[in-house]
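Below is one structure, written out as structure tokens; the observations come after it.
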Amino acid sequence: MSMNISSSYIMRNVYQGYSDLKDEAGRKHATKHELVDADRRAMVRALDRIGDLDYEDTDRTNTKNIYNMLTSYIDVYNHAVTSAGDSDSNDIKRTAAKMKNFTKEYADELEELGITIKSDGSLKVDKKELKSATTKAVKKVFSGDSDYVSGMKKLMKKLRNHVNREPENDFGMEDQSSLNLLV
């Protein structure tokens with residue numbers, strides 16, 4: 001017998017180490033760099049977990065867990081494209097644009113699940129439609145060996161490289177040497 005896993009548990013789990021950044025209240029006090037890094041890490045964890053789900057098990061509890069994981073993934077994805085898009089780094093902003101464009105390639109498959117792409121590139125879910133989607137349709141897009149999951153993981157590696165190259169800078173300046181002006 002499987003156990004029901006709530007969306008709030010999933011969000012705490014994927015934002016492990018950054019749990020205060022999982023919702024808007026905690027995000028207000030973080031730097032842009034912290035947000036991008038936390039969201040990138042949460043995306044990787046969410047993609048791993050979503051890829052590991054058992055899409056063959058149609059037990060009610062398992063399908064509820066799949067639903068909760070997908071709605072959590074959408075929240076994490078939206079946080080990630082927003083924080084990366086708001087970054088002071090052009091490389092990170094370009095990666096956000098690539099995430100949005102890559103997701104648009106799957107617009108038809110996502111719509112079958114009740115997930116639509118808004119004009120700003122974020123995702124919106126019709127919860128009623130998602131609940132009625134078949135696990136087979138969900139598996140097509142989100143299984144661990146799907147093109148969407150593997151492509152998004154590649155983008156997260158690029159984002160990691162950009163985040164690691166950029167110095168954390170709470171002043172919003174592109175160049176670390178600009179800090180000398182403040183001394």
Side-chain angles (χ1 to χ4, degrees), residues 1-27 35 38-84 95-96 98-160:
M1 178 180 236
S2 57
M3 186 173 79
N4 188 17
I5 301 171
S6 71
S7 294
S8 64
Y9 173 81
I10 293 167
M11 290 298 283
R12 280 191 315 274
N13 187 269
V14 298
Y15 275 96
Q16 179 182 7
Y18 298 92
S19 61
D20 54 328
L21 302 181
K22 70 183 180 346
D23 52 41
E24 293 307 316
R27 297 175 72 79
L35 288 174
D39 293 338
R40 180 204 57 82
R41 290 170 190 258
M43 277 286 291
V44 170
R45 288 185 188 111
L47 288 164
D48 285 344
R49 284 159 184 74
I50 213 164
D52 290 342
L53 293 171
D54 183 358
Y55 295 101
E56 303 303 320
D57 182 357
T58 56
D59 170 78
R60 180 174 164 82
T61 301
N62 188 58
T63 57
K64 177 72 172 165
N65 289 342
I66 291 170
Y67 170 83
N68 287 342
M69 189 65 230
L70 286 175
T71 57
S72 297
Y73 171 77
I74 291 166
D75 289 343
V76 173
Y77 172 89
N78 288 341
H79 284 318
V81 296
T82 300
S83 66
T95 305
K98 287 178 183 179
M99 290 170 62
K100 293 175 187 179
N101 289 332
F102 182 71
T103 300
K104 283 180 187 174
E105 293 176 25
Y106 293 87
D108 293 339
E109 292 91 340
L110 291 169
E111 279 190 35
E112 287 179 28
L113 305 176
I115 302 168
T116 55
I117 302 170
K118 296 176 8 181
S119 61
D120 66 357
S122 64
L123 299 177
K124 180 181 178 187
V125 64
D126 177 328
K127 292 181 178 186
K128 185 177 177 182
E129 199 171 330
L130 180 58
K131 283 182 181 178
S132 68
T134 65
T135 54
K136 183 178 179 180
V138 174
K139 179 181 178 181
K140 181 179 171 185
V141 181
F142 290 105
S143 69
D145 61 352
S146 74
D147 291 339
Y148 178 78
V149 170
S150 61
M152 194 57 73
K153 283 183 177 183
K154 287 178 186 173
L155 287 170
M156 290 304 99
K157 286 180 183 177
K158 285 184 179 186
L159 189 57
R160 179 196 64 214

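Note: hydrogens, waters and symmetry copies are ignored here, and every other heavy atom, side chains too, is used.
Remark: side-chain polar atoms of Asn4 are not paired, donor with acceptor, to backbone N or O of Thr61 under 3.5 angstrom. Side-chain atoms of Asp20 never come within 3.5 Å of backbone atoms of Gly26 as a donor-acceptor pair (strictly under, hydrogens ignored). For Asn78 (side chain) and Leu123 (main-chain N/O), a donor-acceptor pair under 3.5 Å exists by modelled atom type.
With a 4.5 Å cut-off on side-chain heavy atoms, Ile10 and Arg49 do not count as touching. Lys157 has its side chain out of reach of Val44: every pair of non-hydrogen atoms, C-beta onward, lies at least 4.5 Å apart. Looking at heavy atoms from C-beta onward, Arg41 lies out of side-chain contact with Arg160 at the 4.5 angstrom threshold.
The side-chain hydrogen bond (donor to acceptor under 3.5 Å, both in side chains) check on Arg27 picks up Asp39, His79, with sequence neighbours excluded. When the side-chain contact (heavy atoms from CB on, under 4.5 Å) test is applied to Asp120, the partners found at least two apart in sequence or on another chain are Lys118, Ser122. The side-chain hydrogen bond (donor to acceptor under 3.5 Å, both in side chains) test applied to Lys140 returns no partner, not counting sequence neighbours. Shown here are the side-chain contact (heavy atoms from CB on, under 4.5 Å) partners of Ser19, two or more places apart in sequence or in another chain: there are none. Residues passing the side-chain hydrogen bond (donor to acceptor under 3.5 Å, both in side chains) test with Asp145 are Ser143, sequence neighbours excluded. Residues satisfying the ring pair (Phe, Tyr, Trp, His ring centres under 6.0 Å) criterion with Phe102, sequence neighbours excluded, are Tyr106, Tyr148.
Summarising the geometry, atom CG belonging to Asn62 is positioned 10.0 Å from atom CD belonging to Glu56; distances are rounded to the nearest 0.5 Å. We find the CG-CE distance between Asn13 and Met69 to be 8.0 Å, quoted to the nearest 0.5 Å. Atom CD1 in Ile115 sits 5.5 Å away from atom CG in Leu110 (nearest 0.5 Å). The CD1 atom of Ile66 sits 7.0 Å away from the CG atom of Asp54 when rounded to the nearest 0.5 Å. Separating the NZ atom in Lys104 from the NZ atom in Lys100 is a distance of 8.0 Å, to the nearest 0.5 Å.
Cation-pi geometry between Lys22 and Tyr15 is not met at under 6.0 angstrom from the ring centre and within 45 degrees of the axis.
Atom NZ of Lys139 sits in a sparse spot, with 12 or fewer heavy atoms from other residues, nucleotides or ligands closer than 6.0 Å. Heavy-atom contacts from other residues, nucleotides or ligands closer than 6.0 Å to NZ of Lys153 number more than 12.
In this structure, Gly144 and Val149 approach most closely via the heavy-atom pair O-CG1, 4.2 Å. The shortest non-hydrogen separation linking Glu111 to Glu129 is O-OE2, 3.2 Å. Of all the heavy atoms in Met99 and Ala80, the pair that sits closest is CE-CB, 3.9 Å. The minimum heavy-atom distance between Ala84 and Leu159, with the atom names listed, is CB-CD1, 4.5 Å. The shortest heavy-atom contact between Asn68 and Ser6 is ND2-CA, 3.8 Å.
Residue Ile50 is tested with Val138, Val14, Leu70, Val76 for a side chain to side chain contact (heavy atoms under 4.5 Å, CB included); the sole match is Leu70. The side chain to side chain contact (heavy atoms under 4.5 Å, CB included) test with Ser7 singles out one residue from Asp75, Thr71, Asn65, and that residue is Thr71.
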Exercise for the section: Determine, step by step, whether Lys64 and Asp59 satisfy the salt bridge (Lys or Arg N to Asp or Glu O under 4.0 Å) criterion, reporting the C-alpha distance in whole Å, the side-chain angles of both residues, the deciding distance to 0.1 Å, and the verdict. Expected result: CA-CA 9 Å; Lys64 177 72 172 165; Asp59 170 78; over 6 Å; no
Handout entry: Verdict with reasoning, Thr116 to Asp126, per side chain to side chain contact (heavy atoms under 4.5 Å, CB included)
Key = CA-CA 8 Å; Thr116 55; Asp126 177 328; over 6 Å; no
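For Phe142 and Tyr55, the ring centers sit 6.0 Å or farther from each other.
Between the side chains of Thr103 and Tyr77, at least one donor N or O sits under 3.5 Å from an acceptor N or O.
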